[in-house]
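For reference, the structure is listed below as structure tokens.
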Amino acid sequence: MKAPPLPATAPESGAAAARNACKLCAPLGACVVFSGIESCVPFLHGSQGCATYIRRYLISHFREPVDIASSSFSEEDTVFGGARNLKAGLRNVVSQYHPEAIGVATTCLAETIGEDVPRILASYQAETPSETPASLIHVATPSYAGTHIDGFHAAMLSVVRQFAQASERHARLNLFPGFVSPEDLRQLKEMLRAAGVDFTLLPDYSQTLDGRTWSEYHRLQPGGTPLESIRQMGGAPATFELGRTLAAKPGTAAAWLAREHGVPRVALGLPIGLRETDRFWAELERLTGHGLPPALDDERGRLIDSLVDGHKYVFGKRAAIFGDPDLVVGLASFLGELGVQPALCATGSKNSGMKNCLAEVLADTDTSGLVVLEGADHAAIAERAKELRLDLLLGSSKGYPMARELKVPLIRVGFPIHDRLGGQRVPHLGYRGAQQLFDRLVNTILESRQDNSSTGYSYL
Ligand code: SF4
């Protein structure tokens, strides 16, 4: 069915600078990808402050040590180029960490002065072959041209282009989950294992960014996608690429595998909620012959039962969703199937294609009055939110000032979650993720009703 058009995207606020941005910087996304590769150290070519900022953001969300090396430009490097620092930094990382790979992402400064990073890396390898780790991965991540999500997908493409080779056909599926939580990665792995599907998940930071305590410090956290598995991606039966906005983009890692190695690309939305998770399983069964296993069918059944139980509490409520485009689309789809009206959908990304994807997933939902904001900061989102009658906000903890001002409860999802514990364990995907999101949603509404009632009802 052709999706009806959504109302026009609201114009940008016209503010001179971002006020509490609804996006993060591009190399952050690249660092997340590199953190999800086994024995790989993220490295930023540029100012030291960029690495400090990104480490701080990742550590306070994931609550894990996150090592990100930096070439630490000085004033002199800014004028004459940072090749010397980059080479010295790489030598230090090799001698301290002994990694199999180093992922080099650029900061705004290195991009602005036009550093020729591939040339510097080639010259480093030529000068110091014995010290060179197995691989140096380069990705250009100018933050003035994109967000952390763009940086994430650019790094995915760099990794796959560098490692995936023509290989014998095998039965191991490629799964590209997008920027989701470590809990989501575990959930995806559990789902595929339960169905008996062999797969390579890239990136896999389920352990590296949410691991266990150690009796002694490890410079490189255990876990991550093995390089050898990435090398064999060219022989996979298909690549599942999650995130509806990616489907229209020809430059993704899955699109490259399809073009270069003939690996079919299966573009799906993030499996958030019943319909999108059903689509995931339908495609998996079509391609692999492995259907929904009984234990997960039970999870699905319990989810439907709970939706019936809780529908009366949420039907007709109005919500604002903000964050990464694919997360916003997935959550809007889920809210639509619950009978909750998405009244405001916003992202800091520009030209992400989010609006078209919202039209697809909300084809059966009343979208009259829906406001869609792209390229927005949280201040602009709050300004629009004030004009709407909202019952709920769904987004990262950067939306807390808005929630406080509007006195509307915020359900924390996505990234970053800095003002609560467990951001890395927030589940969004699969029937189980939908179940937990739904319970949180209903209970937030009940709690708000209780707190705002003059009577102390304890039976709702
Ligand atoms: S200067 Fe650019 S790369 Fe560095 S922290 Fe700021 S946005 Fe990120």
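Order of appearance sets the numbers: ligands from 1, and atoms from 1 within every ligand.
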Parallel, tilted or perpendicular: which one describes the rings of Phe179 and Phe415, with boundaries at 30° and 60°?
tilted
Ligand 1 atoms nearer than 4.0 angstrom to some heavy atom of Cys50 are 1 (S), 3 (S), 4 (Fe), 5 (S)
Looking only at side chains, do His148 and Asp324 share a donor and an acceptor under 3.5 Å apart?
yes
Give a yes or no on this: more than 12 heavy atoms of other residues, nucleotides or ligands lie within 6.0 Å of atom NZ of Lys23.
no
Show the atoms of ligand 1 that are less than 4.0 angstrom away from any heavy atom in Ser143.
2 (Fe), 7 (S), 8 (Fe)
Could you check whether atom 6 (Fe) of ligand 1 has a protein contact, counting only heavy atoms that fall below 4.0 angstrom?
no
Do you see an N/O/S atom of Cys108, backbone or side chain, under 2.8 Å from atom 4 (Fe) of ligand 1?
no
CZ of Arg259: more than 12 outside heavy atoms within 6.0 angstrom?
yes
Would you mind running through ligand 1 and noting each atom that sits below 4.0 Å from a heavy atom of Pro27?
3 (S)
With a cut-off of 4.0 Å, which atoms of ligand 1 are near a heavy atom of Thr107?
3 (S)
Provide the number and element of each atom of ligand 1 under 4.0 Å from a heavy atom of Tyr53.
5 (S)
Taking 2.8 Å as the cut-off, does an N/O/S atom of Cys25 lie below it from atom 8 (Fe) of ligand 1?
yes
Around Glu75, counting heavy atoms of other residues, nucleotides and ligands shown, do more than 12 lie under 6.0 Å from its CD?
no
